[in-house]
Amino acid sequence: QVQLVESGGDLVQPGGSLRLSCTASGMIFNIYAMGWYRQAPGKQRELVARITNRGSINYADSVKGRFTISRDNAKNTVYLQMNSLKPEDTAVYYCNVPNSNTNDGSLSWGQGTQVTVSS
């Protein structure tokens, strides 16, 4: 019933920037927190940024000061502005509704969008 569609990933050089978008359908978007997750090959999926329905924001230490999460409830969309990208940021990026206790995604995962940071 709920569909999450991520976009905006690309191949960029270290120090570059990207803006990811996630659009949700089939849900009352404005009542849920939204999060951006990433998963690199051989690594566990991690929550990198979270924004609540009221706009409270948390970041993983690894992206703090470089990434900015925002949302546009009228468009059912959450964004991730990524600046000063590092090779370590290379991963598939997903959005989902975070479980408030576990931080795990609550809904079915979308396809994600590939971010590759390489020179």
Side-chain angles (χ1 to χ4, degrees):
Q1 53 180 319
V2 178
Q3 187 174 4
L4 302 169
V5 180
E6 301 92 347
S7 62
D10 206 350
L11 170 64
V12 297
Q13 296 187 156
S17 296
L18 285 173
R19 191 193 193 200
L20 307 183
S21 298
C22 166
T23 299
S25 60
M27 62 184 285
I28 306 175
F29 182 81
N30 66 327
I31 69 173
Y32 295 108
M34 293 297 297
W36 281 99
Y37 300 76
R38 67 185 182 188
Q39 187 167 31
K43 294 186 177 180
Q44 184 178 342
R45 181 161 47 217
E46 63 174 337
L47 178 65
V48 300
R50 172 180 176 267
I51 182 167
T52 72
N53 59 318
R54 295 189 178 275
S56 297
I57 293 170
N58 297 99
Y59 298 100
D61 288 341
S62 58
V63 308
K64 199 170 298 181
R66 300 187 298 118
F67 291 10
T68 303
I69 189 171
S70 62
R71 65 192 296 162
D72 185 341
N73 290 335
K75 296 182 178 180
N76 280 201
T77 299
V78 61
Y79 304 96
L80 188 67
Q81 177 67 48
M82 305 186 295
N83 299 324
S84 302
L85 283 162
K86 305 175 180 180
E88 306 94 275
D89 297 317
T90 296
V92 179
Y93 284 72
Y94 304 88
C95 63
N96 213 318
V97 177
N99 181 285
S100 60
N101 293 318
T102 68
N103 287 149
D104 291 340
S106 301
L107 308 175
S108 297
W109 298 96
Q111 292 294 305
T113 187
Q114 176 72 52
V115 172
T116 302
V117 185
S118 177
S119 57

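Residues Leu11 and Leu18 do not share a hydrophobic cluster, defined by chaining ILVMFWY side chains whose heavy atoms lie under 4.5 Å apart. Put simply, Leu47 and Leu20 are part of two different groups of oily side chains (I, L, V, M, F, W, Y) that touch within less than 4.5 Å, one to the next. Residues Leu80 and Val115 are members of one and the same hydrophobic cluster, defined by side-chain heavy-atom contacts under 4.5 angstrom among Ile, Leu, Val, Met, Phe, Trp and Tyr. Hydrophobic clustering (ILVMFWY, side-chain heavy atoms < 4.5 Å, transitive): Val97 and Ile51 are in one cluster. No single ILVMFWY cluster, assembled from side-chain heavy atoms under 4.5 Å apart, contains both Val5 and Ile28.
Between Asn99 and Asn101, the shortest heavy-atom distance links the atoms OD1-N, 2.8 Å. When every heavy atom of Thr113 is checked against every heavy atom of Gly9, the shortest pair comes out as OG1-N, 2.9 Å. Residues Asp72 and Tyr79 approach most closely at CB-CE1, 4.0 Å, considering heavy atoms. When all heavy atoms of Pro98 and Asn103 are compared, the closest pair comes out as CB-O, 4.3 Å. What you find for Ala91 and Ala40 is that their closest heavy atoms are CB-N, 3.8 Å.
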Take Ser108 and Val2, measure what side chain to side chain contact (heavy atoms under 4.5 Å, CB included) needs, and give me the verdict at the end.
-> CA-CA 8 Å; Ser108 297; Val2 178; over 6 Å; no
Evaluate the criterion side chain to side chain contact (heavy atoms under 4.5 Å, CB included) for residue pair Tyr59 and Thr68; output intermediate values, then yes/no.
-> CA-CA 8 Å; Tyr59 298 100; Thr68 303; 3.8 Å; yes
Apply side chain to side chain contact (heavy atoms under 4.5 Å, CB included) to the pair Phe67 and Leu85, showing each step before the final yes or no.
-> CA-CA 9 Å; Phe67 291 10; Leu85 283 162; 3.9 Å; yes
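Judged as a side chain to side chain donor-acceptor pair (under 3.5 Å), and not counting sequence neighbours, Asp104 has no contacts. Residues forming a salt bridge (charged side-chain N to carboxylate O under 4.0 Å, His left out) with Glu46 (at least two apart in sequence, or on another chain): Arg38. For Thr77, the side chain to side chain donor-acceptor pair (under 3.5 Å) test picks out Thr23, with sequence neighbours left out. For Gln114, the side chain to side chain donor-acceptor pair (under 3.5 Å) partners are Thr116, not counting sequence neighbours. Residues passing the salt bridge (charged side-chain N to carboxylate O under 4.0 Å, His left out) test with Arg66, sequence neighbours excluded: Asp89. Take Tyr37 and apply the ring pair (Phe, Tyr, Trp, His ring centres under 6.0 Å) test, not counting sequence neighbours, and it matches Trp109.
Considering only heavy atoms from C-beta on, Met27 comes within 4.5 Å of Leu107 through its side chain. No side-chain heavy atom of Val117 sits less than 4.5 Å from a side-chain heavy atom of Gln13. In this structure, Glu6 and Tyr93 have side chains that are not in contact, with every pair of non-hydrogen atoms separated by 4.5 Å or more.
Applying the 6.0 Å contact sphere to NZ of Lys64 captures more than 12 heavy atoms from other residues, nucleotides or ligands. Atom CD of Gln111 has 12 or fewer heavy atoms from other residues, nucleotides or ligands within 6.0 Å.
No donor-acceptor pair closer than 3.5 Å links the side chain of Arg45 to the backbone N or O of Gly105.
Val48 pairs with exactly one of Asn58, Asp61, Val63 by the side chain to side chain contact (heavy atoms under 4.5 Å, CB included) rule, that one being Val63.
Atoms CD and OG, on Glu88 and Ser62 in that order, are 9.5 Å from each other to the nearest 0.5 Å.
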